[in-house]
Structures are given as structure tokens and as C-alpha cells.
Amino acid sequence: MASPRLGTYCCPTRDAATQLVLSFQPRAFHALCLGSGACSVALGLLQLLPRRRPAGPGSPAAPPASPRAPASVRILRAAAACDLLGCLGILFRSAVWLGFPDLVENISSVNGTDVWPAVYCVGSAMWIELLYSACFWWLFCYAVDAYLVVRRSAGQSTVVLYHIMAWGLATLLCVEGVIMLYYPSVSRCERDLEHAIPHYVTTYLPLLLVLVANPVLFQKTVTAVASLLKGRQGIYTENERRMGATIKIRFFKIMLVFIICWLPNIINESLLFYLELQPDVSGSSLKPVRNAAKTTWFIMGILNPAQGFLLSLAFYGWTGCSLDSQCPRKEIQWESVTTSAAEQTSLSPEGSRKCPPSGKVARVGGHNSDEALSMLSEGKPCLPRQVNCGVPGHAGRPLSNQGGDVVWDRCHHTYGSYGR
């Protein structure tokens, strides 16, 4: 679980609220964190396993690998890597807590000469905070990139800015919060609440940013997608509505997972902050608040490590049910159109006449409009529709259909995966 209380616990002069939650059934709590983290890592890695394709003349051909992944793919990979490493930090902290109780007991020693308890406590707390903070920044960059792609403002140079924002701000905030918390030293931390507030602010700032800014950016992206879909053909049919709904549902799933995983942290921190303001934390009138804080603390131990796996479900759905071709992985078709595919032709019902292009394909931040829409909707473009492209008797028909991937002619600009 990721909480600034992990860092506060390293101080021998920790506050009563931190002592309340971290001393409540610690072995059961860390066993819960260990089990949740292990399940999340195992299921998340199962999601990433390559699917085995049956060999044979009738087997579908593997799609060609893109020479360079688009920005959004790299953003998702960076967010997944940060989440995985952060979850491994939780696993390490919980495993040491359960396996070396003597080491944990020495954390509370003010005059202890052994530095390893402090190294373990501060190092694991900083590792978890830094990696999850970077994950939050990457999720924010994903929302920004989705909006810029649709608004035709994204490019390769923005990826460098995303790296600077995610890693730079995460490192800066983490270091600043830790320096303020452990001043003048770990063994002599200040006990007053004002001394620890910067540490809490730097921890929760990126989390609150995702909770507040991402829904706004996603809503603006959905609105821009609707305009983009209307601009492609000048009409807004059921297919365009379905495409817009797919993108909207995907953004909704992302935010739903994030809120479920991290809302208990905000509730728990609010309860503990309220307890810190009270003169006597153990008062009988505060028993419901203490119970609520303990309950949300255990909920955090379950949901925080599970974020990576749940986000993979929001992005891709469940893809690890089988290691054969019966359960193909839903890859996001970030670059679903190639130049050669756009230059292919189709036959009309009346003869072998080429269907001329109906116009230029709109470019969106280095991608055409269909690539941008496919990128936002898990590689699911709008359903095929029969559109006349100017050749008498011609209706849009597929150029190829291999392995469930339909590439449609350029008459109605629908490319990519269909029938998933």
C-alpha cells in the first residue's frame, strides 16, 4: 500500500495517528499486502504473456511490428512499469516486515546503532512513493496526450516533455517531502504536524491531479472525437455514435479503477488528519473514527497493489484466460494504417474498377484521423458501413480479412481490427 504514513513511521517520534494504524494487526496487514501484491503482479504478467498462435496454412498471419511505438503506447508502458516496480516495493516491505520482526522492532529505537532498520524503512517508503507518484504523472500525461492527439497538437517532441514531467516532478516532490520530513535526521524528526504536512502534500498532489484533471481532459477528448467523427464524412450515424461511446466507456473504466483504488487513501488520510488535531486520540468519542481509519487502512492494503492489474483490465480487458489462439489479446492498434494498405484497391460488384480516394485523410498529430480514433478505442474503429465512393454500383468492401483483421478500402477510411 502506498501512503505517506510509511515514511512517517520511520521517525521514532511519530504521531499518535500514524502509530494507531501501523500498530494495528501489523502482521495481518502486511500479509494482506503481500497476498494482494503477489496476485496483482502474477495476473498482470499473465496479461502480458504472448499468445501462442497455431502453426499451419490456415493460421492467421501475425501483424507486422511497428518500427516505433506511438507516444500513447510508450506512456502506457511507462505507467505499467512504474506501477509494477511500486508493487514490488510493497512486496519487499511486507516480506521483510513478516520475515524479520527484529529488524522492524529496531525502527522505533531512538538510540539504536544499527542503521539497517532506518535504511529499510526510509528506502522502501521512498521507493514506493516515488514509483507510484511517477505512475500518477504518467496517467496524467496519458490524458493530456489523448486530448492533444485528437486536437492535432501532439508530436514526437511531446514524449520528451512527458518524461521530464513524470520523472522530474515525481523525483522533485519526493525528495523535497523526504528532506522536510526527516530534518534534521531520521533519528530526530520533528513531531509537530506542520513539519510533516509538506511530505503529505507532495505525496497526494499527483494523485489529486489525476482525480481532478483527467476527467476534464477525457471529457474534452470525447467532445473533440465527436467533432472529428462528424468531420470525416460530414454525417454522424450510428457507427460514429458507437465509436464515440466506445472511447467514452474506455475513459470511464480508467477513472473508475483509479477512484476505486485510491479513494480509500484520501478517506483514510482525512480521518488520520482529523485524529491528529484531537488532544486525545484514544478518547471514547473518537472510537468510530478510529475504527473507520483502521478499516480503510486495510482496504488500502488490498486495492493499492491491485491497481496495475485492474488498469490492464480497463485498457485491454482480460487476455490471460488461455495461452492459445482461442483467447487473443486485444492489442491497441496504435498504427493500424500503413501506406501500402491505403494504396490497395477493391473490386466493385460490376467489375474490376479501382475506387478512387474520396479525399485526403485528416492528419492528427502525425496520425490520420482513423489512427487517432483507433488509438483511443482499443483498436476498435467504427463498424464497417457501405459507403459509395463515387464508382457506380460500388459499395465499400473489405480488401482483406485475415485472422479477424479487416482492412477496408479508402472509400470510407475505416481501417484496423474488426470483429473482436
Side-chain angles (χ1 to χ4, degrees), residues 1-24 26 29-30 33 37 82-83 85-97 100 103-110 112 114-137 169-208 262 264-273 275-276 293 296-298 300-301 304-305 307:
M1 153 275 325
S3 170
R5 300 288 169 172
L6 299 180
T8 308
Y9 186 78
C10 302
C11 295
T13 56
R14 67 186 69 95
D15 58 272
T18 301
Q19 182 68 25
L20 171 70
V21 290
L22 283 169
S23 61
F24 176 71
F29 173 76
H30 285 283
C33 291
C82 292
D83 188 277
L85 294 174
C87 188
L88 291 177
I90 294 177
L91 291 177
F92 171 76
R93 184 182 179 93
S94 298
V96 172
W97 196 289
F100 302 93
L103 179 69
V104 176
E105 290 179 1
N106 290 332
I107 296 177
S108 303
S109 177
V110 178
D114 190 1
V115 298
W116 289 112
V119 171
Y120 154 73
C121 186
V122 176
S124 60
M126 288 186 62
W127 178 265
I128 295 171
E129 178 185 346
L130 174 64
L131 270 300
Y132 275 106
S133 178
C135 180
F136 298 154
W137 284 112
L169 292 178
T171 303
L172 178 64
L173 292 176
C174 181
V175 171
E176 179 184 0
V178 167
I179 291 177
M180 293 294 296
L181 178 65
Y182 297 130
Y183 178 83
S185 67
V186 178
S187 60
R188 293 185 296 151
C189 301
E190 296 289 342
R191 188 170 183 176
D192 58 292
L193 181 61
E194 293 79 6
H195 193 76
I197 284 181
H199 176 59
Y200 298 152
V201 171
T202 56
T203 301
Y204 282 105
L205 179 62
L207 190 154
L208 295 175
W262 297 104
N265 292 59
I266 299 177
I267 297 175
N268 178 265
E269 196 60 49
S270 301
L271 294 173
L272 294 180
F273 185 77
L275 289 175
E276 289 182 13
T296 53
W297 183 255
F298 270 72
M300 289 162 54
N304 288 181
Q307 178 198 228

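For the numbers below, each heavy atom of this structure counts, side chains included, while hydrogens, waters and symmetry mates do not.
- Thr202 pairs by the side-chain hydrogen bond (donor to acceptor under 3.5 Å, both in side chains) definition with nothing, not counting sequence neighbours.
- Of all heavy-atom pairs spanning Ser94 and Cys33, the tightest one is OG-CB, 3.4 Å.
- Every ring-ring contact (aromatic ring centres under 6.0 Å, His included) that Phe298 has, sequence neighbours left out, goes to Phe24, Phe29.
- Among residues at least two apart or in separate chains, side chain to side chain donor-acceptor pair (under 3.5 Å) pairs with a member in residues 115-124 are Arg93-Ser124.
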*Decide side chain to side chain contact (heavy atoms under 4.5 Å, CB included) for Trp127 and Leu85; before the verdict, give the C-alpha distance in whole Å, the side-chain angles of both, and the deciding distance to 0.1 Å.*
CA-CA 9 Å; Trp127 178 265; Leu85 294 174; 4.1 Å; yes
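- Legend: residues meeting side-chain contact (heavy atoms from CB on, under 4.5 Å) with Thr171, ordered by chain and number and at least two apart, are Leu130, Val175.
- Residues passing the side-chain contact (heavy atoms from CB on, under 4.5 Å) test with Ile266 are Leu207, Leu208, Leu211, Ser270, sequence neighbours excluded.
- Pairing of Cys10 with Cys121 by a disulfide is supported, the SG atoms lying closer than 2.5 Å.
- Checking side-chain atoms of Tyr182 against main-chain N and O of Gly7 turns up a donor-acceptor pair under 3.5 Å.
- Under the 3.5 Å distance criterion, the side-chain polar atoms of Asn265 are left unmatched by any main-chain donor or acceptor of Ser3.
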*Begin from the C-alpha positions of Arg5 and Glu129 and carry the test salt bridge (Lys or Arg N to Asp or Glu O under 4.0 Å) through to its verdict.*
CA-CA 10 Å; Arg5 300 288 169 172; Glu129 178 185 346; over 6 Å; no
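- Not counting sequence neighbours, Ser133 has no partner by the side-chain hydrogen bond (donor to acceptor under 3.5 Å, both in side chains) test.
- For the pair Ala293 and Leu271, the tightest heavy-atom approach, listed with the atom from each and the gap, is N-CD1, 3.6 Å.
- For Cys87, the disulfide bond (SG atoms under 2.5 Å apart) test picks out no residue, with sequence neighbours left out.
- Taking every heavy atom of both residues into account, Ile90 and Ala2 meet most closely at CD1-N, 4.2 Å.
- Asn268 places no side-chain N or O within 3.5 Å of a backbone atom of Thr296 that could act as its donor or acceptor partner.
- Side-chain contact between Leu22 and Trp297 is present, with at least one heavy-atom pair separated by less than 4.5 Å.
- Considering only heavy atoms from C-beta on, Leu6 comes within 4.5 Å of Ile128 through its side chain.
- Side-chain contact between Leu181 and Val178: absent, with no pair of heavy atoms (C-beta onward) separated by less than 4.5 Å.
- Scored by the ring-ring contact (aromatic ring centres under 6.0 Å, His included) test, Trp97 finds Tyr9, His30 as partners (sequence neighbours excluded).
- Tyr204 pairs by the side-chain hydrogen bond (donor to acceptor under 3.5 Å, both in side chains) definition with Glu269, not counting sequence neighbours.
- Partners of Pro264 by side-chain contact (heavy atoms from CB on, under 4.5 Å), not counting sequence neighbours, listed by chain and number: Ile299, Met300, Leu303.
- For the residue pair Leu173 and Trp137, the shortest heavy atom distance occurs at CD1-CZ2, 4.0 Å.
- Side-chain contact, Thr8 with Tyr200: a donor N or O sits under 3.5 Å from an acceptor N or O.
- Shown here for Pro26 and Ser23, the closest heavy-atom pair between the two residues is CD-O, 3.6 Å.
- Taking the disulfide bond (SG atoms under 2.5 Å apart) definition, one finds that Cys174 meets it with nothing, sequence neighbours left out.
- Contacts of Trp262 classified as side-chain hydrogen bond (donor to acceptor under 3.5 Å, both in side chains), with partners at least two apart in sequence or in another chain: Gln307.
- Here the side chains of Phe136 and Leu205 are not in contact, with every heavy-atom distance at 4.5 Å or above.
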